[in-house]
Every structure is written in C-alpha cells, then in structure tokens.
Number of protein chains: 2
Amino acid sequence: MYSQAEENYLKALFSLSNFNGEVNVIDLSRELAIKMPTVTSMMKKLAGKNLVHYESYKPLRLTEKGKIEAALIVRKHRLTEMYLVEKMGFGWEEVHEVAEQIEHINSPAFFDKLDQLLGHPKVDPHGSPIPDKQGNMDVMEYRNLGQCEKGDTVKVAAVTNESDEFLMYLNSKEIYLGLEMVILSVDPFDGLIVVCYSGRSPEAISQKVWERLLVEKLEKDPQNRK
Amino acid sequence: MYSQAEENYLKALFSLSNFNGEVNVIDLSRELAIKMPTVTSMMKKLAGKNLVHYESYKPLRLTEKGKIEAALIVRKHRLTEMYLVEKMGFGWEEVHEVAEQIEHINSPAFFDKLDQLLGHPKVDPHGSPIPDKQGNMDVMEYRNLGQCEKGDTVKVAAVTNESDEFLMYLNSKEIYLGLEMVILSVDPFDGLIVVCYSGRSPEAISQKVWERLLVEKLEKDPQNRK
DNA sequence: TATTTTTGTTAGAGATGTCTAATTTTTGGT
DNA sequence: ACCAAAAATTAGACATCTCTAACAAAAATA
Ligand SMILES: [Mn+2]
Ligand SMILES: [Mn+2]
Ligand SMILES: [Mn+2]
Ligand SMILES: [Mn+2]
C-alpha cells in the first residue's frame, strides 16, 4: 500500500508525537537521519495522501488516517519482535533491527499468524504496547525511575531505548522486564539512584540508564509477596 | 548488499539457467515481467559488479560469484517457506508470495536461526533443494511423471510450479510430497495418465498437471512396503 | 539469398527518494 | 523593534529503476 520510505516517516511521526501531536521538521529529520528538504517534500506527498496535515512553517501533525496507518506498522514491528523473542529464542537486544525490516512485509496472513501463535500479546519484549488491528494503542501510565523516591518498591515495566548496547548493559546487570527493585537512595546532585534487587548487593544506577527505564510503582506492602 | 531489484534479477537468471547456463534477454524479461530495455541496462549494471557475463547480443550467463549470490537468495527463500509451513502452520500453497518478500531481509542471524530451528533441512515444502551456506545446491534427479510407464510405482518428490491454484488443486486431490502412486495407464494421444494412490479409486491426471509433478521411481518390489 | 520476424540495444523520459546550496520565515535575545 | 540564530522551504541535481519509441542485429523463412 505505502512504500517503505513512507512507512518509516509515518512511524517516526507517530513516535515523536507528543501530548499535542505536533512534530517539527527538524526533529523528524534527526530521527530518520534524513535532511530537512527531503522531509519537507515527503510531508507534502503524505499530505496529498491525507496522512499528514501540512502547512508551510507550521508543525506537522498526523491525520486520523495517518495515526491509524502508523499504529498498524508499529503493530507489525512489535508483533515481530515478540515472536522473535518468544518463539525463536532471540534476546531482546537482537530483534529491533530485523523487525525494522520485517515490519514492511505486506502479508496480513503472516502477521495474523504471529498474533495468533503468540496468543494476542498486549506488549512487546521491550514493554511497549502493541496496537490492536484497528490501530488503537493503550497508553501505559508508567513512571520514570527518577520520579520515585527512597523506599519505593518498583517493577521494571519497559525500556525507552532499544539499542543493543543499552540492552546488553541491562543483561549484564541482570535487569529485565518484571524485575522488582527497592530504591535505597536517590542523590539529588548527580542523579545516582542506588537500588537492590534479586537479593544482590546494592547497585548504583546512573541517570543515563534510569532515564531509559520505565517502572510501575508497587504498593508498600512487603507482606503479601515473597 | 544488493538491492531488492538486483536480487530478483539474480534469482531469475539462476532459475532460468539451463544445462549450459545461458539465458536470453527476452526470457528474463518475461520471467520478471520487466521490459527488455530495462533488463539490458540492469545486465550491464550486474556485469559491472561481476555478477553476470554480458556481451551485446550474446546470451546472458551468471558468473561464479553471481551463481553463489543467487543461490544464497534462493536459500533464504526456501528456508523461509519451510519455516512457514513446518513451524507456523501455513499450507504449502500460502507461502511463496510472502517468501518472495522475506528473502530480501538482510539478517544472517535470522536465517541462521530458521535453519537451526528446522534442523538444517535439505528441501523446501515444494520439494526443491535448499542451497547450503556456501551456495552449493544439490541437483535432484527426479523425473517427470510423463517419463514413466504403466505399472511403475512412483513417489511424488517435488512440484515445479508454486501457484496457489495448482497447489490447491493438488490439495483437493489429496496429492502431497511423499505420496506413492501406481501408474495404471498412459494415453499416448491426449497424455492422460491414470493413477491409483492412498487406496482411493483411480484418478485421471491431465498433462497440464503431471507436467508440474516430479517423481522418484521406486523399485518394483511390492513386498517390503505395505 | 532476400525478406520478414524476432530479439536486443540506444535514446530519452518519468517516478521515487535522496542530497547540497541558496533563500525565506520564524524565533529568541538584546 | 532589531538583529542574529534556528528552522523550514525552494531550486536544482543525482541515483535507481522503470517505461516507450526508434533503431540495429540476428535468426527464421521464403
Ligand atoms: Mn523495536
Ligand atoms: Mn522500518
Ligand atoms: Mn517459492
Ligand atoms: Mn523477491
């Protein structure tokens, strides 16, 4: 239906859309590593296909149709990642690149099968929600580790960066989705957070790392677990 | 490494290469449904990459490098088809189109994983041999059903056409790879072959169908098999 | 062998998606 | 309000892959 290039622009617009849904040309340009004039001309093309609202010098916005089409590509990407991890035995640090390619495959039957074999999963291996077949995506209400305080018990719910270096760093620290950790201290000066998990000795987490971790805050009730 | 277009030309050249390895521009043009001038210019480009021997008005030939690259794409196609059928539950009539796309994915780890999960299969769901990682492909010595005679017992070994209509026709007749059939009669005039298999009542097979079936001739020894 | 048909090449153009250089508009600081 | 910096657009070019029209070579036929 849409070219691979068009799909990549839609997906980038979708992920850059903030609360008001506005995206600047320069941000899209940086995200895709494509120069601004190229972005501008593609935006005019997508506007012609009713996928983007475009007016000169105004911020970009996806149309309703554009949002749905983008979400459907994100769906294919995330189903692919989930299948690669759950059914084929890849690590969560190995799947983003190849999913970036497989998401452009045109075969509804193929992606329906992934979804079926996975039992209609709601999140991908990085904790991101998988949009449904209508293009609706749940908004997850996770918080940043930095928004927690000493004494909180939190559960790792998602990562906001999929680079293999970052994920391999987490692997080396034995940090994975679902892991529960207790916050021992938060340093307001350098942003260092010390946590304890899995019965290991306390571990310092730098801001660079915790900025990329989303967590769920658990009730302070150590009784009813472990 | 190579573009999707280049890969499709390589694969078509590979499959059209007959005993002497020569392919005419017009045949490649028909196979790919691409006009002859376009084919000529792509051949010059592939010759520049040392994948094709090209001389004006002479038949086309893949270089050794071209043969290997082509075989490696065929390998990806056939591993994909095998995985879709064996591990995901697709029918053999559903997989060719999507494999046509997935074969262009650039991810050695992905195809190595398919190969490993499948236990290093030697043939695909249509009975075609899967080239190894060096690009070597076995030459199967199957014969056409038309080259058999009354009384022969044969085993269906491969199909030479992957259209879903043909494969669904075979499905409807309960003909599949590995099926053994006895040839009851061969009509030299209209090419009709009557066979018996699976304890069913005799079935007439038209030339259009048997031309697309490759079989293995079994020893005439009804003793050691049911 | 001469003619016709088939096959293949050349020339020129269009669609897509990218770039750089130059210019314009908007934004932010003084 | 003015100026400088940042952001965005316009203009023009290029690579890739495709096409049609015209022409040339090779093969088939008479
Ligand atoms: Mn991803
Ligand atoms: Mn992509
Ligand atoms: Mn196939
Ligand atoms: Mn293909």
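Here is the naming used below: chain letters follow the sequence lines, and residue numbers restart at 1 for every chain. On a predicted model such as this, the values are computed, not experimentally measured, just so you know.
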Spacing of A/M36 atom CE relative to C/dT20 atom P, expressed in whole Å: 12 Å
A/S41 side chain, from C-beta outward: closest of C/dT18, D/dA8, D/dT10: C/dT18
List the steps and the verdict of side chain to side chain contact (heavy atoms under 4.5 Å, CB included) for B/L177 and B/H126. CA-CA 7 Å; B/L177 296 194; B/H126 310 103; 5.7 Å; no
Using a heavy-atom cut-off of 4.0 Å across all strands, would you classify A/S3 as base, sugar-phosphate, or nothing? sugar-phosphate
With a non-hydrogen cut-off below 4.0 angstrom, is B/K58 in contact with a base, only sugar-phosphate, or nothing? nothing
Where does the angle between the aromatic ring planes of A/Y83 and B/Y83 fall among parallel (under 30°), tilted (30 to 60°) and perpendicular (over 60°)? perpendicular
Toward the 5' end of DNA chain C, by each residue's nearest nucleotide, A/Y57 or A/E6: A/E6
Sugar-phosphate only, base, or nothing, as touched by A/T38 at under 4.0 Å among non-hydrogen atoms: base
By the definition side-chain contact (heavy atoms from CB on, under 4.5 Å), identify the one residue from B/I130, B/N136, B/T80 that meets it with B/R75. B/I130
Could you work out which one of C/dT10, C/dG8, D/dC19 sits closest to the side chain of B/K35? D/dC19
Between D/dT18 atom C1' and B/Y9 atom OH, what is the distance in whole Å? 8 Å
Full working for side-chain hydrogen bond (donor to acceptor under 3.5 Å, both in side chains) between A/H77 and A/E81: CA-CA 6 Å; A/H77 180 101; A/E81 289 188 341; 2.8 Å; yes
Starting at CD1 of B/I34 and ending at C1' of D/dT16, how long is that distance when rounded to a whole Å? 12 Å
Starting at atom NZ of A/K49, determine the distance to atom P of C/dT16, rounded to an integer number of angstrom. 7 Å
What's the CG-P distance between B/D27 and C/dG8, to the nearest Å? 7 Å
Interatomic distance, A/L28 CG vs D/dT9 P [rounded to whole Å]: 11 Å
Rounded to the Å, how far apart are A/Y54 OH and D/dT10 C1'? 10 Å
Validation row: A/K76, A/F110 side chains within 4.5 angstrom (heavy atoms): no
How many Å lie between CG on B/L32 and P on D/dT18, as a whole number? 9 Å
Go through C/dA11, C/dT18, D/dT9 for me and flag the one nearest to the B/P37 side chain. C/dA11
